[in-house]
Amino acid sequence: FASFVFQYYGLVIDLLNLGLTRASEIAGPPQVPNDYLCFKDVATEMHHPIRMYTRYIDKVFMVFRFDADEARDLIQRFLTEHPDPNNENIVGYN
């Protein structure tokens with residue numbers, strides 16, 4: 001029974017992290033599931049920033065891919081929420 005509870009907990013964590021749409025795109029249809037870390041086509045892989053997702057026991061690994069505008073917007077939103085008045089973290093934001 002403990003293994004069922006742990007697998008159910010993992011499924012809930014996966015769905016909360018990915019959302020139903022991206023989770024079903026990564027998993028594939030029930031009749032023909034995708035291979036591990038593979039998508040059915042390139043268009044499905046490229047239309048969402050989450051490119052790779054895997055969970056091993058209690059560790060979650062995600063790989064994101066952003067274009068230049070999305071990356072700049074993400075950095076600006078982060079710096080708006082966490083200002084750096086002394087410019088100590090300015091290195092690497094070129």
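Predicted model only: the values in this text are computed from it and were never measured. Side chains are part of it too, since the values below use all heavy atoms of this structure and drop only hydrogens, waters and symmetry mates.
- Taking CD of Glu45 as the reference point, atom CG of Leu37 lies at 10.0 Å (rounded to 0.5 Å).
- Grouping the Ile, Leu, Val, Met, Phe, Trp and Tyr side chains by contacts below 4.5 angstrom, directly or via other members, places Met52 apart from Val60.
- By the side chain to side chain contact (heavy atoms under 4.5 Å, CB included) test, Pro33 pairs with no residue at all, sequence neighbours left out.
- The salt bridge (charged side-chain N to carboxylate O under 4.0 Å, His left out) analysis of residues 49-66, with sequence neighbours excluded, yields the pairs Asp14-Arg55.
- Evaluation of the side-chain hydrogen bond (donor to acceptor under 3.5 Å, both in side chains) rule for His47 yields Glu25 as partners, not counting sequence neighbours.
- Sorted by first then second residue, the ring-ring contact (aromatic ring centres under 6.0 Å, His included) pairs that include residues 50-73, not counting sequence neighbours, are Phe64-Phe66.
- For the atom pair CG (Asp35) and NZ (Lys40), the distance works out to 14.5 Å, reported to the nearest 0.5 Å.
- Residues satisfying the side-chain hydrogen bond (donor to acceptor under 3.5 Å, both in side chains) test with Asp41, not counting sequence neighbours, are Thr44.
- Under the side-chain hydrogen bond (donor to acceptor under 3.5 Å, both in side chains) criterion, Asn34 pairs with no residue, sequence neighbours left out.
- Scored by the ring pair (Phe, Tyr, Trp, His ring centres under 6.0 Å) test, Phe39 finds no partners at all (sequence neighbours excluded).
- Checked against side-chain hydrogen bond (donor to acceptor under 3.5 Å, both in side chains), Thr54 has the following partners two or more places apart in sequence or in another chain: Tyr36.
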Under 3.5 Å, sequence neighbours excluded: what are the donor-acceptor pairs made by side chains of residues 71-78?
from	atom 1	to	atom 2	distance (Å)
Arg72	NH1	Asp69	OD1	3.0

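- Taking Ile, Leu, Val, Met, Phe, Trp and Tyr as hydrophobic and joining them when side-chain heavy atoms fall under 4.5 Å apart, one finds Val32 isolated, its cluster having no other members.
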For a quick test of your reading: what N or O donor-acceptor pairs under 3.5 Å do the side chains of residues 5-13 make, sequence neighbours left out?
none

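- When all heavy atoms of Leu15 and Ala23 are compared, the closest pair comes out as CD2-CB, 3.8 Å.
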